[in-house]
Every structure is written in C-alpha cells, then in structure tokens.
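What follows is one structure encoded as structure tokens, with my remarks underneath.
Atoms within a ligand are numbered from 1 in the order they appear, just like the ligands themselves. Atom set for the values below is all heavy atoms of this structure, side chains included, hydrogens, waters and symmetry mates excluded.
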Amino acid sequence: MIVQAKNHRQVLLQRLTPDDYGKLVEYLQQLGPDTLKRFGPHAFGMQAVLECFQNPENSAYVALDAETFRIIAYSIIKTGYLEHDRERLQSYGLVLDKLTDCTFAPSVADSWQSMGIGNSLFGFVLLELKARGIQRIILWGGVQCDNEKAVNYYRRNGFTTLGQFVYNGLNYDMILDIG
Ligand SMILES: CC(C)(COP(=O)(O)OP(=O)(O)OC[C@H]1O[C@@H](n2cnc3c(N)ncnc32)[C@H](O)[C@@H]1OP(=O)(O)O)[C@@H](O)C(=O)NCCC(=O)NCCS
C-alpha cells in the first residue's frame with residue numbers, strides 16, 4: 001500500500017520479509033535517544049532480529065520511504081501475550097487468549113515522527129490483523145505515562161487504559177478490541 005506523509009513524500013507500507021532484515025537493523029541502529037528511551041522490544045543486532053523472526057509468533061510491518069527504500073517505521077506484533085506481562089494483565093480481570101490476542105510495539109524514525117506515518121501504518125496493521133483473526137491488541141510492556149505522543153496515538157486509535165504499573169516510572173497498560 002502507498003500513502004503520502006505530511007511532508008508530501010510517498011511511503012510504502014508492507015509486511016516485513018527476510019529480505020528486509022538488513023534494512024531493519026540499519027533502521028534500529030539509527031534511532032535517536034528519545035525514541036530508544038521508549039522503544040526496545042528486542043536487541044537491535046542482526047542476530048537478535050533473526051532469532052526474533054524465527055519465532056512464528058512474531059511478525060512485523062514496516063513503512064519505507066519510496067525514494068530511498070529505507071525503513072522509516074517498524075511495528076512488531078507477537079501473537080498472544082508476553083509471558084512477562086501475563087500476571088499483570090490478568091490482575092485487571094483480562095482473560096487472555098493465545099490465539100486471538102496479540103501484543104504490539106510501534107516505532108517511527110525520529111525525523112519522520114508526527115507526519116502521519118504511525119497512524120497510516122497502524123491502519124495497515126489493523127487490516128492485516130483482522131484478516132488473521134486477531135480480536136484484541138495489547139501494548140508490548142505498556143506505555144510510559146509521560147510519553148505524550150504515544151499515549152495520544154494509542155487513544156486516537158481507540159485504545160483504552162486497563163490499569164497502570166511502575167517500571168522505570170509510571171506506565172499504562174492499554175488494549176484495543178478489534179473483534
Ligand atoms: C508514538 C509513535 C509510534 C506515533 O507515530 P507518529 O508517526 O509519530 O504519529 P502520527 O503522526 O501518525 O500521529 C498519530 C497520533 O499521535 C499523536 N501525536 C503525534 N505527534 C504528536 C505530538 N508531537 N504531540 C502530541 N501528540 C502527537 C496524535 O494523537 C496523532 O494523531 P492525529 O495527528 O490524528 O491527531 C511515534 O511518535 C514514535 O515512534 N515514538 C517513539 C517511540 C515510541 O514512543 N513508541 C511507543 C512505545 S509504547
């Protein structure tokens with residue numbers, strides 16, 4: 001799918017394939033400190049990327065600058081939930097489902113943030129997840145309450161807050177029903 005960013009550049013949205021792993025490592029390694037404070041679902045070297053996507057529970061979607069073909073945004077999806085988050089999520093009364101829940105972590109390159117890429121890629125991911133039979137999207141390790149951009153982004157896309165927890169500051173657990 002092709003969309004236009006707010007800077008009028010054309011952007012391609014697609015599922016990540018093994019051909020993109022090198023570009024993904026380049027993308028991850030150029031993220032700036034503000035984004036790195038907020039986003040780190042796995043380590044950023046090639047070995048970590050290979051191990052991550054050898055696991056069939058993990059998949060990802062990317063946005064590429066149509067001029068340079070460089071990755072400018074990356075969202076990772078895990079089918080089910082993180083074992084590490086299970087007890088906390090259940091403490092809200094959530095009945096988790098390994099097949100129809102998924103766990104989501106989005107990122108956009110620093111110089112492309114606030115240009116509509118996050119919203120566009122999320123719309124694309126949503127269509128794919130619905131086609132895969134996913135019914136709920138849970139945040140990967142929650143979102144830091146002081147991450148205003150991300151909290152706005154999740155609320156704007158319909159996520160609601162399940163509860164909050166302390167880990168390196170205060171965080172919200174959020175969820176979106178897409179069933
Ligand atoms: C959070 C993030 C994925 C959003 O993607 P984005 O491309 O920057 O966002 P978009 O331009 O598509 O805007 C989406 C929504 O985010 C919010 N938003 C975006 N920029 C914002 C800003 N500067 N200030 C406040 N809210 C902002 C708005 O609600 C916006 O919706 P609207 O434009 O329809 O009002 C991206 O900013 C990012 O990667 N941040 C760093 C990493 C991160 O925090 N990841 C999430 C970890 S939980």
Side-chain angles (χ1 to χ4, degrees), residues 1-16 20 23-44 48-49 52 58-68 70-78 81-82 84-85 88-89 92 101-129 136-176 178:
M1 183 187 285
I2 298 184
V3 295
Q4 194 173 49
K6 286 184 186 165
N7 61 3
H8 308 295
R9 302 266 289 269
Q10 303 279 100
V11 171
L12 307 171
L13 308 179
Q14 61 188 53
R15 188 168 174 154
L16 181 82
D20 301 322
K23 286 183 194 174
L24 178 61
V25 171
E26 252 176 54
Y27 166 81
L28 293 168
Q29 293 185 346
Q30 57 76 51
L31 290 174
D34 287 346
T35 298
L36 291 176
K37 263 195 339 202
R38 312 298 196 180
F39 180 77
H42 53 72
F44 286 178
V49 165
C52 179
N58 295 331
S59 59
Y61 297 87
V62 288
L64 292 95
D65 177 346
E67 268 176 36
T68 62
R70 293 181 70 162
I71 291 179
I72 57 167
Y74 164 59
S75 290
I76 180 165
I77 305 281
K78 179 184 190 64
Y81 46 87
L82 297 180
H84 179 265
D85 290 347
R88 197 183 66 241
L89 293 167
Y92 307 127
D101 286 337
C102 78
T103 302
F104 168 68
S107 68
V108 174
D110 298 66
S111 62
W112 286 84
Q113 289 177 14
S114 305
M115 290 192 185
I117 307 294
N119 276 347
S120 296
L121 187 57
F122 186 71
F124 183 73
V125 168
L126 210 53
L127 292 175
E128 296 267 322
L129 293 180
R136 293 190 303 196
I137 308 176
I138 299 165
L139 297 190
W140 190 300
V143 54
Q144 294 163 343
C145 299
D146 68 358
N147 187 356
E148 193 191 340
K149 231 187 255 185
V151 171
N152 286 346
Y153 159 80
Y154 294 125
R155 290 206 176 117
R156 189 242 179 249
N157 284 294
F159 282 78
T160 55
T161 305
L162 287 164
Q164 56 188 47
F165 64 99
V166 176
Y167 179 79
N168 286 339
L170 204 57
N171 301 266
Y172 294 125
D173 277 311
M174 299 180 88
I175 194 165
L176 176 65
I178 62 170

Need the ligand 1 atom indices (1-based, order shown) with element for anything under 4.0 Å from a heavy-atom of [X].
| X | result |
| --- | --- |
| Gly142 | 48 (S) |
| Gly116 | 10 (P), 11 (O), 12 (O) |
| Lys6 | 33 (O) |
| Ile117 | 7 (O), 12 (O) |
| Ser114 | 6 (P), 7 (O), 8 (O), 11 (O), 19 (C), 20 (N), 21 (C), 22 (C), 23 (N) |
| Gly118 | 5 (O), 6 (P), 7 (O), 12 (O) |

**Prompt:** What about the rings of Tyr61 and Tyr74, do their centers lie closer together than 6.0 Å?
**Reply:**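 Here the rings of Tyr74 and Tyr61 have centres that are no less than 6.0 Å from each other.
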**Message:** Less than 3.5 Å apart, any donor N or O on the side chain of Gln113 or Thr35 sitting next to an acceptor on the other?
**Reply:**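 Result is yes, a qualifying pair exists.
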**Request:** Go through the side-chain N and O atoms of Arg9 and Gln4 and say whether any donor and acceptor fall under 3.5 Å apart.
**Result:**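 Side chains of Arg9 and Gln4: no pair found under 3.5 Å.
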Name the closest protein heavy atom to [atom], giving the residue it belongs to and the distance to 0.1 Å.
| atom | value |
| --- | --- |
| atom 27 (C) of ligand 1 | Lys149 CG, 3.5 Å |
| atom 47 (C) of ligand 1 | Arg38 O, 3.3 Å |
| atom 41 (C) of ligand 1 | Gln113 NE2, 3.6 Å |
| atom 26 (N) of ligand 1 | Asn152 ND2, 2.9 Å |
| atom 14 (C) of ligand 1 | Asn119 OD1, 3.2 Å |
| atom 31 (O) of ligand 1 | Arg156 CD, 3.2 Å |
| atom 44 (O) of ligand 1 | Asn147 ND2, 2.7 Å |
| atom 48 (S) of ligand 1 | Tyr154 OH, 3.2 Å |

**Message:** Check this for me - ligand 1, Pro106, N or O atoms closer than 3.5 angstrom, yes or no?
**Reply:**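 Between Pro106 and ligand 1, an N or O pair is found under 3.5 Å apart.
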**Message:** Please check whether Ala150 reaches ligand 1 - meaning an N/O of the residue sits under 3.5 Å from an N/O of the ligand, judged on distance alone.
**Reply:**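 No; the residue has no nitrogen or oxygen that sits under 3.5 Å from a nitrogen or oxygen of the ligand.
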**Item:** Sub-4.5 Å side-chain heavy-atom contact between Leu36 and Phe44
**Value:**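 When only atoms from C-beta onward are counted, Phe44 and Leu36 do touch, with a gap below 4.5 Å.
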